[in-house]
Amino acid sequence: MEDPELAAIRAARIGQGSQGSGGAPSGEDQAKRDAEEQMRRDLLATILDAAARERLARIALVSPDRAQQIEAILLRMVQTGQLRGRVSEAQLIELLDQIDGAQSKAAPKKGAIVFQRRKGGFDDDDDF
């Protein structure tokens with residue numbers, strides 16, 4: 001029931017996707033990304049103590065984007081020399097609170113829903 005032209009177009013697009021950027025560079029790019037990811041994990045393992053690593057892993061399960069943001073902040077702090085020693089779970093919690101505070105100030109607050117009830121005079125039993 002499938003149209004042969006549609007199948008040919010799909011096959012051509014799949015072929016283009018697999019060719020990507022020449023085949024060989026994509027393998028090198030993937031290897032480079034894997035090496036960078038491993039270096040990042042190793043650096044995080046050295047700066048975070050066990051409890052902080054566990055907390056960050058739990059955050060990553062719930063919100064991967066948030067965990068990446070926190071990891072990027074930690075790595076930037078290490079590179080600039082703001083961190084001295086290992087980061088404990090309490091320090092990680094403080095960092096999370098600071099990030100939440102900064103995001104809540106930057107993002108506009110959602111308006112609260114206010115119910116305005118009419119007072120008196122409007123009953124269904126009243127006849128006009």
Side-chain angles (χ1 to χ4, degrees):
M1 296 182 78
E2 190 172 317
D3 187 20
E5 282 185 36
L6 184 59
I9 292 172
R10 284 185 183 155
R13 285 193 179 170
I14 290 172
Q16 289 174 352
S18 66
Q19 289 175 352
S21 59
S26 66
E28 291 174 4
D29 289 344
Q30 183 64 32
K32 188 176 182 180
R33 275 189 239 122
D34 290 343
E36 288 176 359
E37 180 71 20
Q38 184 63 36
M39 286 176 49
R40 186 181 60 81
R41 275 190 250 126
D42 291 341
L43 186 58
L44 284 171
T46 58
I47 62 171
L48 294 174
D49 68 355
R53 261 185 293 167
E54 289 177 18
R55 182 172 289 272
L56 190 57
R58 285 186 302 233
I59 292 170
L61 288 174
V62 175
S63 176
D65 294 336
R66 183 124 169 108
Q68 287 178 350
Q69 177 187 18
I70 295 165
E71 290 172 359
I73 290 171
L74 286 170
L75 293 174
R76 191 174 336 116
M77 289 173 74
V78 168
Q79 290 172 349
T80 58
Q82 294 176 354
L83 289 180
R84 307 264 188 251
R86 296 183 77 132
V87 176
S88 68
E89 185 176 12
Q91 290 171 324
L92 184 64
I93 291 171
E94 288 177 20
L95 179 66
L96 290 168
D97 289 339
Q98 289 175 358
I99 292 170
D100 282 340
Q103 286 180 349
S104 66
K105 288 180 184 177
K109 286 189 175 181
K110 291 184 178 180
I113 297 174
V114 177
F115 293 101
Q116 293 181 350
R117 302 189 188 277
R118 296 180 181 169
K119 296 180 182 177
F122 292 106
D123 285 339
D124 292 337
D125 296 338
D126 291 343
D127 292 330
F128 292 107

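Here, residue 1 is the first one in the sequence, and each next residue gets the next number. Every value quoted in this text rests on a predicted model; they were computed, and no experiment measured them.
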> Within a strict 4.5 Å, meaning less than it, do heavy atoms of the Met39 and Glu36 side chains meet?
Replying inline: no

> Going from CD on Gln79 to CG on Leu43, what distance comes out if it is rounded to the nearest 0.5 angstrom?
Replying inline: 7.5 Å

> So Leu95 and Met77, side-chain contact (heavy atoms from CB on, under 4.5 Å) or not? Walk me through it.
Replying inline: CA-CA 11 Å; Leu95 179 66; Met77 289 173 74; 4.3 Å; yes

>> Strictly by salt bridge (charged side-chain N to carboxylate O under 4.0 Å, His left out), give each pair with a member in residues 73-87 just once, sequence neighbours left out.
In response: none

> Quick one: are Leu48 and Arg55 in side-chain contact, heavy atoms under 4.5 Å?
Replying inline: no

> Given side chains that start at C-beta, do those of Leu92 and Leu74 come closer than 4.5 Å, heavy atoms only?
Replying inline: yes

> Shortest non-hydrogen contact from Ala52 to Val87?
Replying inline: CB-O, 3.6 Å

> With Arg40, which residues qualify under side-chain hydrogen bond (donor to acceptor under 3.5 Å, both in side chains), at least two apart?
Replying inline: Glu37, Glu71

>> Hydrogens and angles aside, do Asp34 and Gln38 bring a side-chain donor and acceptor to less than 3.5 Å of each other?
In response: no

> Side chains of Asp65 and Gln69: do they bring a donor and an acceptor to under 3.5 Å?
Replying inline: no

>> Let me confirm one number: the CG-CZ distance from Leu44 to Arg53, rounded to the nearest 0.5 Å.
In response: 9.5 Å

>> When you compare the side chain of Ile73 with that of Ile70, does any pair of heavy atoms fall below 4.5 Å?
In response: no

> Looking only at heavy atoms, what is the nearest atom pair of Leu96 and Arg66, with distance?
Replying inline: O-NH2, 4.0 Å

> In Å, rounded to the nearest 0.5 Å, how long is the span from CD1 of Ile59 to CD of Gln68?
Replying inline: 13.0 Å

>> Hydrophobic cluster membership, with links at side-chain heavy-atom distances under 4.5 Å among I/L/V/M/F/W/Y: are Ile47 and Ile99 in one?
In response: yes

